[in-house]
Protein chains: 2
Amino acid sequence: MLNQLHITAEDMIQQNGGRATAGRIGILAILLAEQQAMTHREIEQRLPEAVQLDRVTLYRALEWLAGKNLIHKVTSDDRVWRYHANRGVHNTHQHAHFKCMCCAQVICLDALTIERNWHLPTGYRFQEIELTVKGLCADCG
Amino acid sequence: MLNQLHITAEDMIQQNGGRATAGRIGILAILLAEQQAMTHREIEQRLPEAVQLDRVTLYRALEWLAGKNLIHKVTSDDRVWRYHANRGVHNTHQHAHFKCMCCAQVICLDALTIERNWHLPTGYRFQEIELTVKGLCADCG
DNA sequence: AATATAAACGCAACAATGTTGCATGGATTG
DNA sequence: CAATCCATGCAACATTGTTGCGTTTATATT
């Protein structure tokens, strides 16, 4: 199944005019296989030994994938970016995230749609919204 | 007026059993005078020359003020904490923030109340919610 | 298949934010 | 006045992320 994800990842990368290197494929396959948003570190640790990447390369690969809208970054309050594969509803970037205050895991809350029945002060322009619910996950709570 | 804020700040600090040092008073007065959430740097720059503090002392003073619920921290996506004085509705921590993507300023959106007509997956426990609207402020837009 | 080339990569060095340990200084209390 | 404890400053460190630059490699072209 992970092999299948590698093929999918390779396709996604090539369709965006990028080189399908082992690093990019590995990273995207990992993110595609994972439900929750992952930190730089978590991705690095899960990469097989044959595909160990430099920290900088990993950052640049993630940046490239995000630029091609294959993944997206998630803000957190621990000053660490998390990354999550884009698929389906996730592409809208208009869904919420849940962060466990205990184990720091981040998942997507697809069910929580954000209503736009409010308005900004005059002169202000809306671009996007970021909503994070904090609490304890099922394992920690 | 800033003088008045100094007195207010001194009161607030003493009522929480802390020493009313020049640093703490200065920091809190600055935050009380400012509508928007301020970064460590911005606070440092606005401190009068007579009250220049070490970076560490500033961090520790902010940490102390946050622990006493006199101010609160605001998450941002640029890995920089911002601090905002607590007063009135702000104490609830259940209001939203707006961040300008151009000038990076953060203001509180008191009007935007967050509805709780949703629920988390089973086993998950809610603690708090953080909502950041991004866009352009009146000056930048 | 060989080659040219632009895209990825790895290394080193750097920048920014924030933290920890420890010694010093100054206010508060007895 | 002395003892104590809180706050401060300095140095050193940790972490995350970025930039410059020379090298390697995937892909297209021959």
Side-chain angles (χ1 to χ4, degrees), chain A residues 6-7 9-29 37-45 47-68 70-83 99 104 106, chain B residues 9-29 37-45 47-68 70-83 99 104 106:
Chain A
H6 273 76
I7 295 171
E10 191 170 0
D11 278 352
M12 292 170 71
I13 292 166
Q14 284 173 338
Q15 282 175 14
N16 280 275
R19 283 196 194 166
T21 62
R24 285 183 180 171
I25 296 172
I27 293 168
L28 186 50
M38 300 178 76
T39 66
H40 176 262
R41 280 288 190 78
E42 292 164 345
I43 297 169
E44 198 170 29
Q45 287 169 359
L47 279 170
E49 286 198 16
V51 198
Q52 284 301 316
L53 298 178
D54 187 73
R55 211 170 77 251
V56 177
T57 304
L58 183 41
Y59 275 118
R60 287 203 260 237
L62 289 168
E63 191 181 354
W64 185 87
L65 290 168
K68 296 297 183 184
L70 299 179
I71 64 174
H72 65 275
K73 281 169 146 186
V74 179
T75 284
S76 184
D77 57 356
D78 55 3
R79 315 190 318 129
V80 179
W81 288 112
R82 276 156 228 270
Y83 302 87
K99 174 167 183 186
V106 176
Chain B
E10 190 170 0
D11 277 352
M12 291 171 71
I13 292 166
Q14 284 174 338
Q15 282 176 14
N16 278 275
R19 284 193 194 165
T21 62
R24 285 182 181 171
I25 295 172
I27 294 168
L28 186 50
M38 301 177 76
T39 66
H40 175 262
R41 279 287 189 81
E42 291 164 346
I43 297 168
E44 198 169 30
Q45 286 168 0
L47 279 170
E49 288 200 13
V51 198
Q52 284 301 319
L53 297 177
D54 187 75
R55 212 169 75 252
V56 177
T57 305
L58 182 41
Y59 276 116
R60 287 204 260 239
L62 289 168
E63 192 181 354
W64 186 86
L65 290 168
K68 296 297 184 183
L70 299 179
I71 65 176
H72 66 274
K73 280 169 147 187
V74 179
T75 283
S76 184
D77 57 357
D78 55 4
R79 314 190 319 129
V80 179
W81 287 112
R82 277 156 228 271
Y83 302 87
K99 174 167 184 184
V106 177

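Protein chains get the first letters and strands the later ones, always in sequence-line order, with residue 1 at the start of each. These values consider heavy atoms only, across backbone and side chains, with no hydrogens, waters or symmetry-generated copies. Bear in mind that the values here come from a model prediction, so they are computed numbers and not experimental data.
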CD-CE distance between Glu44(A) and Met38(A), expressed to the nearest 0.5 angstrom: 11.0 Å

Any side-chain heavy-atom pair of Arg60(B) and Trp64(B) under 4.5 Å: no

- request: Would you mind building the protein contact string for nucleotides 23-30 of chain D? One character per nucleotide, 5' to 3', B for base within reach (heavy atoms under 4.0 Å), S for sugar-phosphate only, - for untouched.
  value: --BBS---

Side-chain N,O (Arg79(B)) to OP1/OP2 (dG18(C)) below 4.0 Å: no

task: Give the rounded distance in Å between these two atoms: CD1 of Ile43(A) and C1' of dT16(D).
output: 14 Å

Atom pairs, protein N/O to nucleotides 18-20 of chain D N/O, distance under 3.5 Å:
unit_1	atom_1	unit_2	atom_2	d
dG20(D)	O6	Arg60(A)	NH2	3.0

Axis deviation across the helix from dA1(C)-dT30(D) to dG30(C)-dC1(D), five-pair ends, to the nearest 10°: 30°

- prompt: How would you list, by chain and number, every residue that makes a side chain to side chain contact (heavy atoms under 4.5 Å, CB included) with Gln52(B), sequence neighbours excluded?
  reply: Leu47(B)

query: Which whole-number value in Å describes the distance from Arg24(B) CZ to dT8(D) C1'?
result: 10 Å

task: Calculate the interatomic distance between Asp54(B) atom CG and dA12(D) atom P; express it in whole Å.
output: 14 Å

message: If I take atom CZ in residue Arg41(B) and atom C1' in nucleotide dA16(C), what distance separates them, rounded to the nearest angstrom?
response: 7 Å

task: Return the value, rounded to whole Å, for the distance between atom NZ of Lys68(B) and atom C1' of dA7(D).
output: 14 Å

- prompt: At their closest point, which heavy atom of Glu42(B) faces which heavy atom of Ala37(B), and how far apart are they?
  reply: OE1-O, 4.0 Å

Tell me which donor-acceptor pairs under 3.5 Å the side chains of residues 75-83 of chain A have, and how far apart each pair is, sequence neighbours excluded?
unit_1	atom_1	unit_2	atom_2	d
Thr75(A)	OG1	Glu130(A)	OE1	3.0
Ser76(A)	OG	Asp78(A)	OD1	3.0
Ser76(A)	OG	Lys99(A)	NZ	2.7
Asp77(A)	OD1	Lys99(A)	NZ	3.0
Asp77(A)	OD2	Lys134(A)	NZ	2.9
Asp78(A)	OD1	Val80(A)	N	3.3
Asp78(A)	OD1	Arg82(A)	NH2	3.4
Asp78(A)	OD2	Arg82(A)	NH2	2.5
Asp78(A)	OD2	Lys99(A)	NZ	3.3
Arg82(A)	NH1	Ala104(A)	O	3.1

statement: The reported gap from CD1 in Ile43(A) to CG in Leu28(A) (rounded to nearest 0.5 angstrom) is 10.0 Å

- request: For residues Asp54(B) and Val56(B), report the shortest heavy-atom separation together with the two atoms involved.
  value: OD2-N, 3.0 Å

- line: Rounded to the nearest 0.5 angstrom, the CG-CD1 distance for Leu65(A) and Ile71(A) is 4.5 Å

Would you mind writing out the side-chain donor-acceptor pairs for residues 9-27 of chain A within the sub-3.5 Å range, not counting sequence neighbours?
unit_1	atom_1	unit_2	atom_2	d
Asn16(A)	ND2	Met12(A)	O	2.8
Thr21(A)	OG1	Arg24(A)	N	3.4
Arg24(A)	NH1	Arg19(A)	O	3.3

message: I need the minimum non-hydrogen distance between Arg55(B) and His40(B), along with the two atoms involved.
response: CG-CE1, 3.1 Å

message: Just the rounded figure in Å: distance from P of dT8(D) to CD1 of Ile25(B).
response: 10 Å

statement: Walking DNA chain D from its 5' end, the first of Asp78(A) and Leu58(B) to be reached, judged by nearest nucleotide, is Leu58(B)

